[in-house]
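None of these values were measured; they are calculated from a predicted model. Letters A, B, ... are given to chains in the order of the sequence lines, protein chains preceding strands, and every chain is numbered from 1.
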There are 2 protein chains.
Amino acid sequence: MADRFERELMRGSLDLMVLSVLADGANYGYLIQKRVREASGQTVKLEAGTLYPLLHRLEASRAIRSKWDDSTGRKRKWYELTAAGRRRVRAQAAQWNQYVDCIQQLLKPALAALPAK
Amino acid sequence: MADRFERELMRGSLDLMVLSVLADGANYGYLIQKRVREASGQTVKLEAGTLYPLLHRLEASRAIRSKWDDSTGRKRKWYELTAAGRRRVRAQAAQWNQYVDCIQQLLKPALAALPAK
DNA sequence: ACAGATATATCGAACAACTATACATTGTCG
DNA sequence: CGACAATGTATAGTTGTTCGATATATCTGT
């Protein structure tokens with residue numbers, strides 16, 4: 001992330017980011033982290049210390065479910081959406097769009113009122 | 001706000017909301033609150049206990065500046081953007097757009113992968 | 001006179017995110 | 001072969017934001 005704002009900005013929508021990644025298919029922590037990083041053009045660095053507690057919270061709330069994979073040398077914990085999780089992605093995506101519209105409505109007149117640069 | 005998610009969602013972008021309102025012209029707390037509420041179609045309720053500390057933070061960081069108006073019966077504290085505040089609105093707006101794009105990139109394949117409903 | 005809207009403010013609780021740290025394995029480069 | 005980077009998950013402690021509750025005071029309509 002470029003600076004402090006970008007960090008703060010993410011607060012509250014990290015859930016949606018992670019759920020979105022999992023909606024696209026089962027995945028494990030480290031890869032989820034990379035996926036988010038790439039989707040943001042390297043600007044959003046979802047730290048491990050943020051991601052793992054978040055995954056645990058999502059699991060505790062039954063939006064996702066996990067399963068260890070010990071078959072390979074590196075132990076990986078795979079996560080996948082539950083039915084409730086899928087409902088949640090749809091609901092949160094709808095709210096996200098609504099929220100974006102709201103910000104746009106405030107931002108449009110604001111930028112128009114600001115001097116060109 | 002409808003539910004818990006919407007509340008969490010706002011975290012981190014309340015700054016931008018308030019700064020946007022002020023970019024559109026000087027304003028005072030109570031009206032800022034109503035403006036945000038209306039822009040969101042009544043879904044975002046920016047609580048007084050959230051707004052006033054936020055305004056104080058913004059003032060402490062010199063993005064805005066305040067002035068009491070005692071000329072009318074009701075005392076109002078007017079806020080306006082500083083030059084630094086205007087720069088901040090532009091910068092944060094740019095970051096916001098970038099961030100929205102990022103979420104969209106994650107959300108698009110996610111929704112495509114989910115069953116129709 | 002009273003209720004409800006206007007208007008600002010602060011405190012404490014709850015909680016999310018970050019930093020730092022820990023630990024173990026695998027691949028790479030010299 | 002030894003060091004270092006990358007892979008992979010996890011937690012403890014700190015900080016900061018948001019919220020609900022509460023306080024205070026004025027104005028308007030009934």
Side-chain N,O (A:Tyr28) to OP1/OP2 (D:dT9) below 4.0 Å = no
message = If I take atom CZ in residue B:Arg76 and atom C1' in nucleotide D:dT26, what distance separates them, rounded to the nearest angstrom?
response = 11 Å
request  = Establish, with yes or no, whether the OP1 or OP2 oxygen of D:dA10 is under 4.0 angstrom from a side-chain nitrogen or oxygen of A:Lys77.
outcome  = yes
key: Gap between atoms NE2 and P, on B:His56 and C:dA7 respectively (whole Å)   = 16 Å
message = Side chains of A:Glu8 and B:Asp15, heavy atoms from C-beta outward: is any pair under 4.5 Å?
response = no
query = B:Asp69 CG to D:dA25 P: how many Å, rounded?
reply = 20 Å
ask   = Should the pair B:Trp96 and A:Trp96 be assigned to parallel (<30°), tilted (30 to 60°) or perpendicular (>60°) ring geometry?
value = tilted
inquiry  = What is the distance, to the nearest angstrom, from the CG atom on B:Leu51 to the C1' atom on D:dT18?
reply    = 12 Å
query = For A:Lys45 and C:dC18, is the shortest distance between a side-chain N/O and OP1 or OP2 below 4.0 Å?
reply = no
message = Are the side chains of A:Asn97 and B:Gln104 in contact, using a 4.5 Å heavy-atom criterion?
response = yes
ask   = Is A:Trp68 touching bases, backbone alone, or none of the nucleic acid, heavy atoms closer than 4.0 Å?
value = sugar-phosphate
Please tabulate, one pair per line, each protein N/O and nucleotide N/O from nucleotides 23-27 of chain C that are separated by under 3.5 Å, including the distance.
unit_1 : atom_1 : unit_2  : atom_2 : d
C:dT25 : O2     : A:Arg74 : NE     : 3.2
C:dT25 : O2     : A:Arg74 : NH2    : 3.2
C:dT26 : O4'    : A:Arg74 : NH2    : 2.8
C:dT26 : O2     : A:Arg74 : NH2    : 3.2

ask   = For D:dT18, does OP1 or OP2 lie under 4.0 Å from any side-chain N or O of B:Arg57?
value = yes
message = Under 4.0 Å, heavy atoms only, any strand: does B:Leu54 hit a base, just the sugar-phosphate, or nothing?
response = nothing
task = Identify, between A:Arg11 and A:Ala48, the residue whose nearest nucleotide on DNA chain C lies closer to the 5' end.
result = A:Arg11
query = Rounded to the nearest Å, what distance is computed from the CG atom of residue B:Leu9 to the P atom of nucleotide C:dC15?
reply = 18 Å
query = Do A:Met17 and B:Cys102 come within less than 4.5 Å of each other through their side chains, counting heavy atoms only?
reply = yes
Nearest-angstrom distance from the residue atom OH of A:Tyr52 to P of C:dA22 = 18 Å
inquiry  = Categorize A:Gly29 for me: base, sugar-phosphate, or nothing, with a 4.0 angstrom heavy-atom threshold over every strand shown.
reply    = sugar-phosphate
message = Below the 4.0 Å mark, does D:dT7 have OP1 or OP2 next to a side-chain nitrogen or oxygen of A:Lys34?
response = yes
